[in-house]
Amino acid sequence: MWVLAGLILGMGFYLFFVVLFNKGLADYDLWGYLSFGRVFWEEGFFPYQDVFAYTPTKPLWVYHEWLTGVIFFGLQKYFGPASLQFLKYVLAVFTICLVYATAIKRGGRQGFALATLVFVLILISFGYVPVRAQIFTFFFFALTIYILESVRNSGKASLLRWLPVMMVVWCNVHGGFVSGLGVIFLYGLGGLLAREKTAVSYFLWGVLSLSVTLINPYGFDYWIYTVHAVFLERADITEWYSAIKALKSGVYVFPVSLFLVAGFFGLAILIFLKKKNITEILVVCVVTYLGFVHVRHNVFFGLVLGAYLPLWLTEIFGAMEQRGLRLAAHVFPVFFAGLLVAVYLYCYPVRQIHVIPTFRFFVSSDAYPIKALAWLKSNQIRGNLLCHFDWGEYILWCCHRDFRVAIDGRYETAYREDVCQEYFAFSSGRRGWDVFLKKYPHDAVLLKANTAAHRLMNRAKDWEAVYSDQISVIFVRKKVENKL
């Protein structure tokens, strides 16, 4: 009976995992990783300066995802695109297993841990679009929490020696390593305030973990960039919206709503239980704040709550059992998980359930300017291309011999801040929108159709629309058009 129940439960989790993570539309940032990797592997040098843009760039291109690019291109070249999807699935599974293992290690009941995993799966799945460097950060973050909780439970500070080893890799695949350093020092601060014996060890190994991040191709310049990037305002990029701005703008409505409800629920539990565990309070408050100010950080909140919540529920329903409410303690996990699945499927109906997840990528003409680029190629238009921000890295990858770009998703890693602001003024049609258009030597402009920039370009005297489709429009200088 228990074996059959376990098989049914396991199959249910597997199918739900496939529903959530089975995404084949290539992410815009993927092409930036692959473009860097191609330069590294095929052109045989490490690009410390930008090689793709014609607008002013920084004297040093600090690409915090450089190792991801090297890994992704190597996998794609020797094992095909399916290997990147496979890597995403493997890291996602390991991340989820670490969250579950942490919850159990802390003393959470298996039923509550499994029910909480449903919430974790839903919330973090929005961070697993195929395929970004964040998959490494989510895995390493969950591993860091697991190590720190193992030390708290066992008192064996020797386990912390794995943190610097992990950090050497983490800091070279993604700038999210800062989250790992932050949680290490939060555990140290919480331990210090609670007068735990391991508090000093957290700080010592945290400092060592911080020190080894200097093992990177850029040295101390990497940290100069990182500090700047942490405090950089990215008001025009949707994943950096605050929770309130996202709801007002109608983007990420479901994950943001889920985060807000869960955040309120988690904080309410802390108050209800009168938690005196300072470390937990610090970590929960910080990740809740981060998720509120930037929606892309909701994943960290999900990973932390997935590790912490099962023990809290165990304590609450343990008290209820003592009062004779044993049935409620057993029904709640099933009700909680079922409700979450029902709400998700209501918001995102599943037309077809795949037993095996997809291992291929596709570039949709609804998301990428495939037809427009084909038109440019057929008309032999080359040179400097001012394109829509999201499409820039795709052009780096597929049209690197034909075009240099004005800006792309590498954003603050490669481009000067004044250039970025000029571009976003242009793309959003703000005052001074035409400064970016007049200041730099664009040969053609490729925009997303029906945007503010598109409407304003229709009035530009020196430019003329020569192509349009459902998602894109191309402008060229009138004198260029006359030569065709």
Side-chain angles (χ1 to χ4, degrees), residues 28-29 31-32 35 50-58 61 228-229 232-241 245-246 248-251 367-369 371-373 375-376 381-397 399-400 402-481:
Y28 297 124
D29 286 346
W31 313 110
S35 297
D50 173 78
V51 294
F52 301 112
Y54 62 89
T55 51
T57 56
K58 294 180 178 179
W61 175 22
H228 171 72
L232 181 65
E233 183 68 30
R234 300 174 177 87
D236 296 283
I237 301 179
T238 55
E239 65 178 352
W240 288 94
Y241 282 4
K245 185 175 180 180
K248 288 181 177 179
S249 304
V251 296
Y368 286 90
K371 296 177 182 178
L373 291 175
W375 187 91
L376 287 169
I381 297 178
R382 299 181 178 87
N384 297 334
L385 182 63
L386 165 54
C387 60
H388 178 61
F389 180 84
D390 290 339
W391 297 337
E393 289 174 289
Y394 179 64
I395 292 167
L396 305 186
W397 173 250
C399 306
H400 64 286
D402 296 327
F403 293 109
R404 285 180 172 268
V405 297
I407 198 166
D408 60 85
R410 294 172 301 146
Y411 192 31
E412 82 279 359
T413 64
Y415 296 94
R416 291 180 355 198
E417 190 170 348
D418 60 316
V419 174
C420 294
Q421 294 306 313
E422 289 169 352
Y423 167 78
F424 285 118
F426 166 79
S427 65
S428 60
R430 295 196 293 260
R431 177 179 296 182
W433 72 276
D434 58 342
V435 170
F436 193 77
L437 185 65
K438 296 177 179 178
K439 193 172 181 179
Y440 304 109
H442 317 294
D443 294 314
V445 179
L446 171 59
L447 299 175
K448 184 172 283 190
N450 302 315
T451 58
H454 176 194
R455 291 188 288 272
L456 289 170
M457 283 293 293
N458 284 329
R459 305 181 212 163
K461 296 180 180 180
D462 298 331
W463 294 87
E464 183 175 358
V466 293
Y467 172 88
S468 65
D469 57 40
Q470 289 183 339
I471 71 162
S472 61
V473 60
I474 297 173
F475 290 85
V476 297
R477 293 183 186 276
K478 289 183 178 179
K479 62 179 182 181
V480 175
E481 175 65 14

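Annotation: the span from F475 atom CZ to S468 atom OG amounts to 9.0 Å, rounded to 0.5 Å. In this structure, CG in L376 is found 6.5 Å from CG in L446, a value given to the nearest 0.5 Å. Between atom CZ of residue F52 and atom CZ of residue R404 there is a gap of 9.0 Å, rounded to the nearest 0.5 Å. Rounded to the nearest 0.5 Å, atoms SG (C399) and OH (Y394) are 7.0 Å apart. Atoms NE2 and NE2, from H388 and H454 in turn, are 13.5 Å apart once rounded to the nearest 0.5 Å. Rounding to the nearest 0.5 Å places CG of D236 at 6.0 Å from OG of S427.
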Go through it in stages, so that I can follow the logic: the residues are L373 and Y368, the test is side-chain contact (heavy atoms from CB on, under 4.5 Å), and I'd like the CA-CA distance, side-chain angles, deciding distance and then a yes or no.
CA-CA 9 Å; L373 291 175; Y368 286 90; over 6 Å; no
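P56 and V419 get closest at one heavy-atom pair: O-CG2, 3.7 Å. Taking all atoms of both residues into account, the shortest heavy-atom contact from E233 to Y411 is O-OH, 4.0 Å. What you find for H442 and F436 is that their closest heavy atoms are NE2-O, 2.8 Å. Shown here for V473 and A465, the closest heavy-atom pair between the two residues is CG2-CB, 4.2 Å. Across all their heavy atoms, W433 and A425 have their closest contact at CB-O, 3.5 Å. Pairing each heavy atom of K371 with each of Y467, the nearest pair is CB-OH, 3.2 Å.
Between the side chain of R455 and the backbone N or O of N450, at least one donor-acceptor pair lies under 3.5 Å. The backbone N or O of N384 sits less than 3.5 Å from a side-chain atom of D443, completing a donor-acceptor pair. Counting only distance, with no hydrogens or angles, the side chain of R234 and the backbone of A229 share a donor-acceptor pair below 3.5 Å. A donor-acceptor distance shorter than 3.5 angstrom exists from the side chain of K478 to the backbone of K461, with no hydrogens or angles considered.
Side chain to side chain, Y28 and D408 fail the donor-acceptor criterion of an N or O pair below 3.5 Å.
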